[in-house]
Undergrad: 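Supplied in structure tokens, the structure appears directly below.
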Amino acid sequence: MRKNTLPLIASLSALLLPFAVVTPAAADTTDVVLVQDSMDRTVKAGLGSAADGTTYDASPVASVSVANGTAKLNAAAPGATVTARPVGVAVGDSTQSTAFTLPQLPKSGSGVYMSLQSRLTADGFYQTQVRVDPKGVVLLETLRVNAGVQTTLGYTWVPELRVKAGVPFVLETRLAGTDAVTIDARVSAVGAKPTSWKLSVTDRAAKRLKADGRTGVRLYVSRSTPALGVLFDDLRVASNEEDATPTTPTTPTTPTTPTTPTTPTTPTTPTTPTTPTTPTTPTTPTTPAGGAPAWNVSGARTAAGAAAVGTTKYAVPAGALFVSPSGAASGTGTQAAPFATVQSAVNSAASGSTLVLRGGTYHESVVVPAGKKLTIQSYPGESVWFDGASTLKNWQAASGRWFSADWKYDFDSTPSFTKGEADGTAAGWRWLNAAHPMAAHPEQVWIDGVAQVEVASLANLKAGTFFTDVANDRLYLGSDPTGHSVKTSTLTKALSLRGEGAVIRGIGIRNYATSVWMMGAVTVEAPKATIENVVIYDTASTGLFVGASNATVRDVTLARNGLMGLGANYADALVIDDLLAVENNAEHFNTSPVSGGVKIAKSRGVTVTDSALLRNDGPGIWLDQSVYDVRISGSDIIENRGAGAFLELSQKIDFVNNLVLRNVGNGVKINNTGGVNLWNNTIIGGDRAVNIVQDSRSASDASVPGHNARRPFPDPTMPWLIRDISIGNNVIGESAGNCTYCVEDYTHRYTPAQLNIRSDGNVIQRNSAAAPTWFVIWSRGTANVNPYVFTTWANYRTTTGQDANSTAVEGRKVTDTSGRLLAGATASARTLPGIVATILGSTTPTIGARFP
């Protein structure tokens with residue numbers, strides 16, 4: 001069922017990345033080729049002379065060479081820049097392209113930047129660049145550089161392209177105009193032949209570059225990335241102007257090496273209004289035939305999530321067992337005679353085997369039993385889907401309704417993790433929202449791929465809805481199915497992994513009618529599992545559940561699942577990396593007791609890195625009930641309808657370098673949780689941007705839920721106190737509630753000083769002198785006495801002695817809509833604690849979340 005489900009994905013580009021729009025690629029009015037260089041020569045230092053006579057300025061010349069039909073730019077050290085520019089070519093309106101190849105991906109750090117430069121004169125230049133990180137993730141940007149000062153004109157992530165070592169890709173850019181300079185850009189695999197531009201921007205600023213100028217190719221390796229080389233080939237520069245002719249500039253145009261790296265400074269004034277605090281209602285994207293929707297990650301720094309289903313190419317080991325939807329029941333698992341079902345292959349496989357699934361759809365529920373260590377993966381380059389839905393036929397019309405008697409399913413609708421248990425009644429334990437009473441019913445129906453809404457009675461049936469008459473084995477539709485495809489979920493689970501060391505990779509999973517108490521459409525029930533490059537969406541409750549230790553969830557997309565994207569319990573040493581959790585709790589259960597993107601309970605030693613938790617109906621990430629020793633870093637937590645990050649009843653958490661934007665609940669809430677390092681984050685928006693709360697729940701009270709039964713009672717590592725919290729070098733602001741930065745002890749026992757809560761080196765903003773009402777709330781630790789409420793920053797700092805080196809800003813914004821600091825918004829950054837420096841990979845103090 002998709003009961004009152006939000007339509008899937010908003011095109012938020014216009015709000016979050018105002019320039020990241022796709023524009024049809026119009027044909028150039030005139031195409032005068034100025035440079036066409038296939039690099040068919042050998043030159044040890046520099047680029048020599050092309051067949052058309054083109055020569056180049058290269059710098060450093062010893063770092064540029066040509067051999068075997070390609071040119072090489074070799075960055076000799078981290079932070080190095082290498083350029084190559086055609087001599088005697090100056091052009092205004094132009095189209096440029098080249099094919100780049102990375103012989104090796106960056107080993108670490110922010111990555112490598114490969115660029116095409118345009119209109120390069122003494123006044124500056126335009127630069128279209130691709131950044132590739134160690135995972136091959138692609139960021140496409142356009143910049144303007146004036147006297148070494150760089151301005152970002154637009155950027156967008158390119159999730160459909162993952163760069164691989166040794167595989168070339170094409171970067172193209174097009175410039176036109178003087179009163180307004182339009183710059184188009186795209187990056188694609190060689191041979192892809194795109195028909196539209198990926199990024200289009202218009203520069204109307206006074207510093208725009210109007211004159212004809214030189215062009216060039218550039219390599220920059222970030223200071224955090226080891227030295228490497230880049231190949232380029234098939235350089236083409238064409239003029240789009242009828243009177244264009246090559247001319248030789250009379251003076252050098254710019255310094256060879258810019259004074260700053262290519263990571264841009266954000267313009268002082270945002271080009272569009274800030275996105276409202278309340279997330280925009282998304283719209284459903286087109287789903288390719290047999291594929292998954294294109295999940296929109298606009299606004300996030302990272303293109304997190306799985307590779308597109310059908311694009312992974314895992315090696316097939318000798319002795320692998322093959323499975324195919326077209327296999328015969330008598331199949332033996334060879335490539336010529338594959339098994340017909342995954343479960344039959346699992347049953348036949350010895351522990352240690354690899355099962356290779358040929359392309360197609362598998363309508364199965366598979367159990368990997370205890371004692372079997374199996375790898376299940378897609379055949380290289382083939383699209384493999386586990387699909388829990390079937391086509392429903394034989395429709396009959398009856399009084400403006402349509403029904404099929406082929407539907408004979410009775411799924412369990414318990415709204416709890418305990419089968420048969422009634423919904424809770426206490427605050428925070430009531431699963432069902434009165435506005436969405438059918439949320440726990442797992443039935444799901446789609447007409448031509450459009451989700452229908454389940455209703456509780458035949459009397460409520462109308463267009464766009466459905467009703468299941470269990471007693472009479474009928475499914476009713478309120479819309480005419482004649483001539484349309486109707487699919488309904490008919491299976492409850494996709495995969496139950498009970499064998500230690502299971503590996504699942506390169507597949508998609510969708511449309512399962514999973515009851516809440518089943519925990520997930522995919523469940524990890526034994527240690528050392530790996531889930532990699534897997535997409536799970538449109539399941540009726542939770543997409544993925546991890547209930548065992550030493551699991552790795554890497555490059556996974558969890559989207560539009562009914563209750564939650566990922567749930568975890570007793571999942572010690574859990575590693576979550578490059579996860580995309582988007583628009584989960586699609587059935588709109590209450591936020592508590594569980595909902596949203598990711599919820600982790602009773603687990604120790606957890607890491608969450610480089611992930612994107614976007615627009616979930618509930619918290620983006622929620623740690624609850626004795627979670628210990630957690631690192632959350634490099635992640636984007638944006639526009640969730642609960643708290644961005646909720647750290648509750650837990651201990652020892654490093655929350656570093658995260659982008660927390662426009663969440664509806666608190667930006668970051670720390671509740672009965674201590675040992676927290678909250679450093680170098682950008683936390684903008686929410687009811688309270690940062691809210692630190694101590695309530696009456698006690699770690700020594702056995703009647704309070706949340707104790708880890710595997711630990712001694714009371715657990716000395718889990719005091720459930722907001723003690724030892726360090727807050728530094730963050731950007732905090734734009735609270736929609738009554739307070740920006742809030743520390744409260746509802747028990748009136750402790751002052752922040754007694755709890756060792758320390759804050760310094762932050763930029764803290766409020767919208768005006770009266771909004772929020774209080775800049776800061778600070779506990780007094782005295783029985784029956786309300787906390788301090790500070791309406792001015794000076795009063796807060798004088799009274800508490802905190803934030804001596806922080807900066808307060810009133811009445812203006814301090815970040816753009818992507819979270820980058822605006823010019824003039826800064827503070828005296830504090831020396832990094834050792835663990836923070838380790839996470840950031842640098843000892844250099846900076847303010848806010850770091851951008852590539």
Side-chain angles (χ1 to χ4, degrees), residues 37-44 47 63-78 80-84 96-116 128-140 157-172 186-194 198 217-222 224-236 262 303 305-317 377-382 505-506 532-533 554-555 577-578 610 852:
D37 193 348
S38 59
M39 304 295 167
D40 291 329
R41 55 192 179 273
T42 299
V43 184
K44 291 185 178 180
L47 292 181
S63 296
V64 181
S65 59
V66 190
N68 302 316
T70 59
K72 184 175 184 179
L73 306 177
N74 189 48
T81 299
V82 185
T83 59
Q96 301 171 63
S97 65
T98 194
F100 285 110
T101 303
L102 278 168
Q104 294 181 330
L105 289 178
K107 292 181 179 179
S108 60
S110 296
V112 58
Y113 297 76
M114 293 153 283
S115 312
L116 291 170
T128 295
Q129 68 183 23
V130 166
R131 189 211 72 169
V132 177
D133 74 4
K135 296 179 181 178
V137 173
V138 175
L139 175 70
L140 179 63
W157 295 98
V158 187
E160 65 271 19
L161 177 66
R162 283 286 182 106
V163 170
K164 297 181 179 179
V167 179
F169 60 90
V170 177
L171 177 64
E172 300 174 82
R186 62 189 173 208
V187 59
S188 58
V190 168
K193 297 181 180 179
K198 181 70 176 178
V217 180
R218 180 181 185 271
L219 164 68
Y220 170 73
V221 176
S222 73
S224 59
T225 296
L228 53 72
V230 170
L231 306 178
F232 75 95
D233 195 5
D234 296 324
L235 176 65
R236 185 179 190 273
T262 56
V309 175
T311 64
T312 57
K313 295 182 180 179
Y314 294 105
V316 177
Q377 65 186 49
S378 58
Y379 189 88
E382 294 189 358
R505 56 192 186 183
E532 180 180 275
N533 277 317
R554 180 190 301 118
D555 300 323
D577 180 56
D578 204 19
D610 299 332

Undergrad: So which heavy atom on Thr312 is nearest to which on Gly506, and how close?
TA: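 Closest approach of Thr312 to Gly506, heavy atoms only: OG1-CA, 3.5 Å.
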
Undergrad: Pro226 and Pro78: which non-hydrogen atoms are nearest, and at how many Å?
TA: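 So the two residues come closest at CA-CG, 4.1 Å.
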
Undergrad: For the residue pair Pro380 and Val316, establish whether any side-chain heavy-atom pair is separated by less than 4.5 Å.
TA: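 The answer is yes, as the side chains (C-beta and beyond) meet within the 4.5 Å cut-off.
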
Undergrad: Taking C-beta and beyond as the side chain, do Lys135 and Asp610 meet within less than 4.5 Å on heavy atoms?
TA: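 Yes, side chains in contact.
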
Undergrad: Just by modelled atom types, is the Gln129 backbone N or O under 3.5 Å from a matching donor or acceptor in the Ser115 side chain?
TA: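 Checking the backbone N and O of Gln129 against the side chain of Ser115, no donor-acceptor pair under 3.5 Å is found.
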
Undergrad: Between Thr42 and Ala67, is there a donor-acceptor pair closer than 3.5 Å when you use the side chain of the first and the backbone of the second?
TA: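 Not a single qualifying donor-acceptor pair exists.
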
Undergrad: What do the steps show when you test Val217 against Leu116 for side-chain contact (heavy atoms from CB on, under 4.5 Å), and what is the final call?
TA: CA-CA 5 Å; Val217 180; Leu116 291 170; 4.1 Å; yes

Undergrad: Check the pair Asn74 / Val82 against side-chain contact (heavy atoms from CB on, under 4.5 Å), numbers first and verdict last.
TA: CA-CA 7 Å; Asn74 189 48; Val82 185; 5.9 Å; no

Undergrad: Among residues at least two apart in sequence or on other chains, which ones pass side-chain hydrogen bond (donor to acceptor under 3.5 Å, both in side chains) with Glu532?
TA: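 Partners of Glu532 by the side-chain hydrogen bond (donor to acceptor under 3.5 Å, both in side chains) criterion, ordered by chain and then number, come out as Tyr314, Arg554.
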
Undergrad: Go through the structure and list residues passing side-chain hydrogen bond (donor to acceptor under 3.5 Å, both in side chains) with Thr70, not counting sequence neighbours.
TA: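 Testing Thr70 for side-chain hydrogen bond (donor to acceptor under 3.5 Å, both in side chains), a comparison that skips the adjacent residues, returns none.
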
Undergrad: Find out whether Lys107 and Thr225 are in side-chain contact, i.e. whether some heavy atom of one side chain is under 4.5 Å from a heavy atom of the other.
TA: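 No, their side chains stay 4.5 Å or more apart.
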
Undergrad: Would you check if Phe100 and Leu219 make a side-chain contact, meaning some heavy-atom pair closer than 4.5 Å?
TA: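 A side-chain contact is absent here, since even the closest heavy-atom pair is not under 4.5 Å.
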
Undergrad: Between Met114 and Leu171, what is the shortest heavy-atom contact and its length?
TA: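 Where Met114 meets Leu171 most closely, the heavy atoms are O-CD2, 3.8 Å.
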
Undergrad: Which pair of non-hydrogen atoms, one from Val221 and one from Leu228, has the smallest distance, and what is that distance?
TA: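 Heavy atoms only, the tightest pair is CG2-CD1, 3.9 Å.
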
Undergrad: With heavy-atom distances below 4.5 Å as the criterion, would you say the side chains of Leu105 and Val163 are in contact?
TA: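 With C-beta onward as the side chain, the pair touches.
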
Undergrad: Would Phe169 and Val138 count as a side-chain contact (heavy atoms from CB on, under 4.5 Å) if you check the C-alpha gap in whole Å, the side-chain angles of each, and the deciding distance to 0.1 Å?
TA: CA-CA 11 Å; Phe169 60 90; Val138 175; over 6 Å; no

Undergrad: Less than 4.5 Å apart, any side-chain heavy atom of Val43 and any of Ser65?
TA: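 Of all side-chain heavy-atom pairs linking Ser65 with Val43, none is under 4.5 Å.
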
Undergrad: Is the side chain of Thr101 donor-acceptor paired with the backbone N or O of Leu231 at a distance under 3.5 Å, no angle test?
TA: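 Not confirmed, Thr101 side chain does not pair with Leu231 backbone.
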
Undergrad: Can you tell me how far apart CG (Leu235) and CD (Gln96) are? Round to the nearest 0.5 Å.
TA: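 Reported value, rounded in 0.5 Å steps: 7.5 Å.
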
Undergrad: Below 4.5 Å, heavy atoms only, C-beta onward: do Asp37 and Thr98 meet side chain to side chain?
TA: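 With C-beta onward as the side chain, the pair stays apart.
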
Undergrad: Taking salt bridge (Lys or Arg N to Asp or Glu O under 4.0 Å) as the definition, give me every residue that meets it alongside Arg505, ordered by chain and number, with sequence neighbours left out.
TA: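 Counting only residues at least two positions away or on another chain, Arg505 forms no salt bridge (Lys or Arg N to Asp or Glu O under 4.0 Å).
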
Undergrad: What's the shortest heavy-atom distance between Lys164 and Thr311, and which atoms?
TA: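 Here Lys164 and Thr311 meet closest at NZ-O, 4.1 Å.
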
Undergrad: Taking all heavy atoms of Thr128 and all of Glu172, pick out the closest pair and write down the distance.
TA: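 Closest pair (atom of Thr128, atom of Glu172, distance): CG2-O, 4.3 Å.
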
Undergrad: Between Arg186 and Val170 (side chain of the first, backbone of the second, donor and acceptor by atom type, cut-off under 3.5 Å), is there such a pair?
TA: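 No: the side chain of Arg186 does not pair with the backbone of Val170.
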
Undergrad: With side-chain contact (heavy atoms from CB on, under 4.5 Å) as the test, would you mind laying out the steps for Val137 and Arg162 before giving the verdict?
TA: CA-CA 5 Å; Val137 173; Arg162 283 286 182 106; 3.6 Å; yes

Undergrad: Salt-bridge test for Asp133 and Arg131: reply yes if a basic N is under 4.0 Å from a carboxylate O, no otherwise.
TA: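 A salt bridge is present here (some side-chain N lies under 4.0 Å from a carboxylate O).
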
